[in-house]
Number of protein chains: 2
Amino acid sequence: MAFSNLFEAAGKIMSNTNNPTESSSEGFGFIPHLAIDAVIFGFHNNQLKVLLMQYSKTCLHALPGGFVLLTENLNDAAKRVATERTGLSNIYLEQFYVFGDVARHDPTPFISFMEADGSAHNPGHWLLQRFISVGYFGLVDFTLVTPTPDKIFDSCDWYHLDALPPLIQDHTAIVHKALQALRAMLDDKLIGFNLLPRDFTMSELQSLYETILDKKLLRPAFQRKMLGLSILERVAKKFSGGAHKAPYLYRFVSK
Amino acid sequence: MAFSNLFEAAGKIMSNTNNPTESSSEGFGFIPHLAIDAVIFGFHNNQLKVLLMQYSKTCLHALPGGFVLLTENLNDAAKRVATERTGLSNIYLEQFYVFGDVARHDPTPFISFMEADGSAHNPGHWLLQRFISVGYFGLVDFTLVTPTPDKIFDSCDWYHLDALPPLIQDHTAIVHKALQALRAMLDDKLIGFNLLPRDFTMSELQSLYETILDKKLLRPAFQRKMLGLSILERVAKKFSGGAHKAPYLYRFVSK
DNA sequence: TTATTATTGTATCATTATGTTACAATAATA
DNA sequence: TATTATTGTAACATAATGATACAATAATAA
């Protein structure tokens, strides 16, 4: 159960190379110095949430992440990470930035893990080296996700974007940059629908947009705009809401 | 003058590690498997141009590129590459995509270089391994650039975007993705000015926009829009143009 | 059964932005 | 001094967006 053992085990599963050593990620089948960090967004109770991992012994929080196998497409590695943490395939994923400053290198969290785990930490361990990380954001239907822990982090859960715990390294900055990227694309690429269930009301959609853009929108203008794009199919009415007219349910259909 | 020697020399200059070997890029001080490709755009004669390298012995063309030193910021490495190829510092640079498919791996050009260079090519040479490449585009004032060759490629020159020679690996696709990214940002980020000299006429600016967006724009609307942004300072008149009213020169000023 | 309530869908008008045409101003040339 | 081509901008038309208003209608309560 020592940390290095976990990694060795993981390495043996994933690697086809011989001679794995603690100080070489290639020995574990990974491209060295290269990581993936995934900012998985969900929408629940009119709030944006992100999936975060935690290693309970140290209480440290981090983004879901992983490494790229020597013979794996970069985007496939991101897909793999996102799928493993959510239980979903076909996740909408987008590269948004590569974090490559030397200053982001901070091995102390991993040293803490290894010490908390009782294993003497090898200062040459590949996990402690500098990493350049490709940032992806993912948009998922909150209701379909099964948050699933890691080989490193033993818990995985949703956190409200406005109340994130302190995160390791530069992960807080990564989350904010992901949100910026999502905002910038929202109108151009019409990707917001990936955060909603298949059927949704217009006010749910508007509430999503307002939350992402962090500003109030005018209801009639929003509805007119959305319907004018002819990307929405009116499905049925949603009854039993409250003491008022029942809203229609809409479904996203590509033009 | 053999290829591997060039690299060994380069490696010795740039690396602080001991024990350099041909099969390890870390031996040369670089992060292995990670490259940078730079799409440097210029604007000349109402045409978009890109800087391309050539290794004359093989006639192969490629994008300017480079590798990331073990203790260098990723963005600094891109800056270094762009600066070395243009002679300019303070180049507007933007990450636009990471090219990480396994299928892009194609060592044949580098094998050709090594063979053309007369050195027996070592099949384990680090240059022949798979690379994940971070794509940057750069916007420069064509008139200020001094195209400068590489340690690998012995020529560097401008090529009209619509008449690119065949490029190695997936570099043609990288150029087109860069252009897409530039287009998408043009209105939001007002970065077009980086492609013009300090002072320019309105019709030069419009011509630039038309070339990048690949569509005609209406002159009065374009002028009204640009002036309305209040990012342009009217500097002077440009005389001796032709048999017509002299246009004003404008200069970009941040708001 | 009927009034009340809150929310929805959309019409309407106001305002702003953009598309389009037109024309006077003016450097260089003939 | 007339001609030419291009510039700067006015003027109008059209489209997009901002803002207000109101009828329609599910659920609840009287």
Side-chain angles (χ1 to χ4, degrees), chain A residues 43 45-46 183-184 186-190 192-193 196-253 255, chain B residues 45-46 183-184 186-190 192-193 196-197 199-253 255:
Chain A
F43 187 64
N45 286 341
N46 283 342
R183 254 180 213 157
L186 192 62
D187 283 330
D188 272 356
K189 293 206 167 184
L190 300 172
F193 305 99
L196 294 175
R198 195 186 56 167
D199 298 346
F200 49 86
T201 67
M202 191 59 75
S203 66
E204 285 165 352
L205 183 61
Q206 179 175 347
S207 164
L208 171 65
Y209 269 68
E210 289 179 340
T211 306
I212 294 175
L213 300 174
D214 194 27
K215 67 173 177 189
K216 282 282 167 200
L217 302 173
L218 291 166
R219 193 172 58 85
F222 182 80
Q223 179 139 343
R224 180 178 50 197
K225 188 75 178 291
M226 281 299 159
L227 294 179
L229 295 171
S230 51
I231 51 166
L232 293 184
E233 186 185 5
R234 194 172 272 181
V235 181
K237 285 203 174 187
K238 185 190 180 187
F239 293 94
S240 82
H244 53 76
K245 188 175 175 179
Y248 285 104
L249 287 173
Y250 295 90
R251 187 177 297 173
F252 176 77
V253 287
K255 274 171 282 195
Chain B
N45 286 342
N46 282 342
R183 255 181 211 156
L186 192 61
D187 283 330
D188 272 357
K189 292 207 168 183
L190 301 172
F193 304 99
L196 293 176
D199 299 347
F200 48 86
T201 66
M202 192 58 76
S203 67
E204 285 165 352
L205 183 61
Q206 180 175 345
S207 165
L208 170 66
Y209 268 69
E210 289 179 339
T211 306
I212 294 175
L213 300 174
D214 194 27
K215 67 174 176 189
K216 283 280 166 202
L217 302 173
L218 292 166
R219 193 173 59 85
F222 182 81
Q223 179 139 342
R224 180 177 52 199
K225 188 73 179 291
M226 281 299 158
L227 294 178
L229 294 171
S230 50
I231 50 165
L232 293 185
E233 185 186 5
R234 194 173 272 181
V235 180
K237 285 204 174 187
K238 185 191 182 188
F239 293 96
S240 84
H244 53 76
K245 188 175 175 180
Y248 285 103
L249 287 173
Y250 295 90
R251 188 178 296 172
F252 176 77
V253 288
K255 274 170 285 196

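Letters go in sequence order (proteins before strands), and every chain restarts at 1.
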For a quick check, with a 4.0 angstrom heavy-atom cut-off, what is the B/S/- contact string for nucleotides 12-19 of chain D, read 5' to 3'?
-----BBB

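- Under 4.0 angstrom from either OP1 or OP2 of D/dT6 there lies no side-chain N or O belonging to B/S203.
- Here CZ of B/R219 is found 11.0 Å from CD of B/E210. Values are rounded to the nearest 0.5 Å.
- One can place CG of B/D187 at 13 Å from C1' of C/dT18, the figure rounded to the nearest angstrom.
- Taking atom CG of residue B/L232 and atom C1' of nucleotide D/dG8, one finds them 14 Å apart after rounding to whole Å.
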Which string of ( ) [ ] | and . matches DNA chain C, if you list each base 5' to 3' and count Watson-Crick or G-U pairs only when both distances are under 3.5 Å?
||||||||||||||||||||||||||||||

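- You'll find that the side chain of B/P247 is closest to D/dT7, out of C/dA27, C/dT8, D/dT7.
- What separates CG of B/L217 from C1' of C/dA17 is a distance of 16 Å, to the nearest Å.
- Rounded to whole Å, atom C1' of C/dA24 lies 12 Å from atom CZ of B/R219.
- Two residues, A/A243 and A/R234, neighbour DNA chain C, and the one matched to the more 5' nucleotide by heavy-atom proximity is A/A243.
- With values rounded to the nearest 0.5 angstrom, A/R224 atom CZ is found 9.5 Å from A/L218 atom CG.
- Atom CG of A/L186 sits about 5.5 Å away from atom CG of A/L213, to the nearest 0.5 Å.
- Phosphate proximity of C/dG9 to A/K245: absent, as no side-chain N or O sits under 4.0 Å from OP1 or OP2.
- Scanning for side chain to side chain contact (heavy atoms under 4.5 Å, CB included) contacts around A/D199 gives A/V235, A/L249, A/R251, with sequence neighbours left out.
- Comparing B/H244 and B/L249, the nucleotide of DNA chain D nearest to each residue sits closer to the 5' end for B/H244.
- For the atom pair B/Q223 CD and B/L205 CG, the distance stands at 10.0 Å (nearest 0.5 Å).
- By the 6.0 Å contact criterion, NZ on B/K189 is open, its count of non-hydrogen atoms from other residues, nucleotides or ligands being 12 or less.
- In this structure, A/Q223 places its CD atom 16 Å from C1' of C/dT12, rounding to the nearest Å.
- Across every non-hydrogen atom of B/M226 and B/L232, the tightest pair is CB-CD1, 4.1 Å.
- Positionally, the nearest nucleotide of DNA chain D for B/Y248 lies more toward the 5' end than for the other of B/Y248 and A/K238.
- If you check every strand for non-hydrogen atoms under 4.0 Å, B/L227 touches sugar and phosphate atoms only.
- Between B/Y209 and B/F222, the ring planes lie perpendicular to each other; the angle is over 60°, past the 30° to 60° tilted range.
- With rounding to the nearest 0.5 angstrom, the CD1 atom of B/I212 is 9.5 Å from the OG atom of B/S207.
- Atom CZ in A/F222 sits roughly 14 Å away from atom C1' in C/dG9 (whole-Å rounding).
- Side-chain proximity of A/F239 to the nucleotides C/dA6, D/dA26, D/dG8 is greatest for D/dA26.
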